[in-house]
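The structure appears right after this line, and notes come after that.
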Number of protein chains: 2
Amino acid sequence: MVSVDVIVLRFDPEARAVLVGVAPRAQEPFAGELALPGVLLGRGERLRDATTRAVTGKLGLTEESVTATGQLATFDEPSRDPRGPTLSIALWATVTRATGDLAVWTRLDAVPPLAFDHDRIVADSRPLLADKLWRDVPFTAGLLGPEFTTAQALDVTESLTGDRPYPANLGRTMDRVPGLGRTSEHAAALPKGGRPPLVWKWSSEVVRA
Amino acid sequence: MVSVDVIVLRFDPEARAVLVGVAPRAQEPFAGELALPGVLLGRGERLRDATTRAVTGKLGLTEESVTATGQLATFDEPSRDPRGPTLSIALWATVTRATGDLAVWTRLDAVPPLAFDHDRIVADSRPLLADKLWRDVPFTAGLLGPEFTTAQALDVTESLTGDRPYPANLGRTMDRVPGLGRTSEHAAALPKGGRPPLVWKWSSEVVRA
DNA sequence: CCAATAGTGTCTATCAGACATTATAAG
DNA sequence: CTTATAATGTCTGATAGACACTATTGG
């Protein structure tokens, strides 16, 4: 018995934070409690397919809203599922907002208690996710989307690593990310005033338009 | 069906290189061909236990010769096993020389063609292993043993990363590894002359004496 | 002494961290 | 002009890379 449990991440520009998608469980065990979206891996099924199946089935998102996926680690505690010993392969998925969204979105830095050993999965995975930012291009592009502002990049970095870098330093980091470049465009003016932030874009090889 | 395939590593001071333990397969498919030691994961079995089972069963080493283990990645290509779709969880194990050794030891930088998708597992895992050296303490200590010389540290680094660092620079790296320290001891004199190398040791919290 | 090996001091380039200063917007 | 936000120039300290020089052994 192998289950696939997914840490679904989305950047919310309004909340200025990275959110994790969880959902109340429909069945026992832990019925009604919040849990990471997970499915049992089918025979011969690819991990990538099981990941989108979990995201669409348990969170109600569409297949197109999944922008990137990847592996995290495997959890093998035999007592992690009260129904019997199961292996859990933890994966990440980055998604965009979609219609039919049934998920409960919680800030990555304040995930509520979850069913099974999902608290542990989230806790163990956080440093792995923080490490991917600006290093793993599909992850970073999936999370931030095809274009974004410096201010949003700061928010995402703060959500994942726990502290906010200086803008000048983050700019240097981003200049070294392959496929990412500054544009001369400025984003729309802010509601409360202030200088409009610069827009960054991925080259066409990295993200499909 | 979940199989556990292990990259078994041992440092050979005579060969001055890191070696990988493989063994000819006893059964079809791929009978007679070299392969990584692997076993099917039992129901409720821990990955760590399956790893030692593979190392002792397929390579003939003893349980005590396994000094450390850990995860690498999961391979899910459905056609990787001609008997049908299986998942392979790749793990690493560091071992010491043991009596009853049935393994074929090949240099990590010259692994011969292997059965299944094991060539791919080795290729994909190499950068992961190189990354662990001097960063993952159990891995490094398991590979080098409780004490070792600067010259051996250079050999291991060259085997894993592909190039040989300058001794002064590697010394600085090692000074920053928690639990590792220089001693004032010198190793035995070398056969061909030359200054005897310094000995490094792990503190007692890191390795059991 | 010479050949072989190892250890150490130090110069340089690069990078991460930190701020002060300047720029652009709304009210 | 004030408040709010963003961008940039630049100083400092840490680290990685490179290499010359010194040290210790066997023959």
Side-chain angles (χ1 to χ4, degrees), chain A residues 11-17 127 130-135 140 144 147-178 180-201, chain B residues 11-17 127 130-135 140 144 147-178 180-201:
Chain A
F11 172 63
D12 182 342
E14 275 82 58
R16 305 186 62 139
D131 196 61
K132 288 184 186 301
L133 186 64
W134 310 121
R135 262 195 273 275
T140 309
L144 279 155
E147 61 181 80
F148 56 90
T149 66
T150 309
Q152 293 173 342
L154 286 165
D155 292 336
V156 166
T157 306
E158 185 174 14
S159 274
L160 285 177
T161 67
D163 54 28
R164 193 174 186 82
Y166 287 87
N169 302 342
L170 182 60
R172 283 186 310 211
T173 304
M174 292 199 286
D175 282 332
R176 279 195 304 268
V177 175
L180 182 60
R182 300 171 192 263
T183 68
S184 52
E185 303 167 43
H186 287 261
L190 302 155
K192 285 182 292 186
R195 180 173 176 173
L198 270 183
V199 174
W200 295 72
K201 283 188 186 173
Chain B
F11 172 63
D12 182 342
E14 276 81 57
R16 305 185 61 140
D131 195 60
K132 288 183 186 300
L133 186 64
W134 311 120
R135 262 194 274 275
T140 309
L144 280 155
E147 61 181 77
F148 57 89
T149 67
T150 309
Q152 293 174 341
L154 287 165
D155 292 337
V156 166
T157 306
E158 186 175 14
S159 273
L160 285 177
T161 66
D163 55 26
R164 194 174 186 81
Y166 289 87
N169 301 341
L170 181 58
R172 282 187 308 212
T173 305
M174 292 199 284
D175 283 332
R176 279 195 303 269
V177 176
L180 182 58
R182 301 170 190 263
T183 69
S184 51
E185 302 166 44
H186 287 261
L190 302 155
K192 286 182 290 186
R195 179 172 178 174
L198 270 184
V199 173
W200 296 72
K201 284 188 185 173

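Below, each value reflects all heavy atoms present in this structure, side chains not excepted, and no hydrogens, waters or symmetry copies. So you know, we letter chains A, B, ... as the sequences are listed, proteins then strands, and number each from 1.
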Non-hydrogen side-chain atoms of B:Leu198 and B:His186 separated by less than 4.5 Å: yes
Quick one: is B:Lys192 getting a side-chain N or O under 4.0 Å of the C:dT5 phosphate, OP1 or OP2? yes
Would a 4.5 Å heavy-atom cut-off, applied to side chains only, mark B:Arg182 and B:Asp175 as touching? yes
B:Leu170 atom CG is separated from D:dA16 atom P, nearest whole Å, by 11 Å
Would you indicate, yes or no, if C:dG17 has its OP1 or OP2 atom less than 4.0 angstrom from a side-chain nitrogen or oxygen of A:Tyr166? no
What's the closest nucleotide to the side chain of B:Pro197 if the choices are C:dG9, C:dG7, C:dA16? C:dG7
Closest nucleotide among D:dA18, C:dA23, D:dT24 to the A:Arg195 side chain: C:dA23
Need to verify one output field. Residue with the more 5' nearest nucleotide on DNA chain C, A:Gly194 or B:Ala168? B:Ala168
Assign each of B:Arg16 and A:Pro167 to its nearest nucleotide of DNA chain C by heavy atoms, then name whichever residue's nucleotide is nearer the 5' end. B:Arg16
Spell out, as yes or no, whether a donor-acceptor pair under 3.5 Å connects the side chain of A:Glu158 to the backbone of A:Asp155. no
Hey, does the side chain of A:Thr150 come within less than 4.0 Å of D:dA7's phosphate (OP1/OP2), counting only N and O? yes
Taking atom types as they are modelled, is there a donor-acceptor pair under 3.5 Å from the base of C:dG7 to the side chain of B:Arg182? no
Whole angstrom value for the distance that separates P of D:dA6 from NE2 of A:His186: 13 Å
Measuring only between side-chain heavy atoms, which start at C-beta, is B:Leu180 closer than 4.5 Å to B:Phe148? yes
Short side-chain to backbone donor-acceptor contact, B:Thr140 and B:Trp134, under 3.5 Å: yes
Rounded to whole Å, the CZ-C1' distance (A:Arg172 to D:dA14) equals 13 Å
Using OP1 and OP2 only, check whether a side-chain N or O of B:Arg176 sits under 4.0 Å from D:dA16. yes
Closest to the A:Leu198 side chain: D:dG17, C:dT8, D:dT8? D:dT8
Nucleotide nearest B:Ala151 (side chain, heavy atoms from C-beta), chosen from D:dT8, C:dT24, C:dA6: C:dA6
Quickly work out the A:Asn169 CG to C:dC19 P distance and round it to whole Å. 11 Å
Quick one: A:Met174 CE to D:dA6 P, roughly how many Å, whole number? 12 Å
Rounded distance (Å) that lies between atom P of D:dG9 and atom CG of A:Asp175: 12 Å
Within this structure, what is the CH2-to-P distance between B:Trp134 and D:dA16, rounded to whole angstrom? 14 Å
Using whole Å, what does the distance between atom C1' of nucleotide C:dA6 and atom CD of B:Glu158 come to? 16 Å
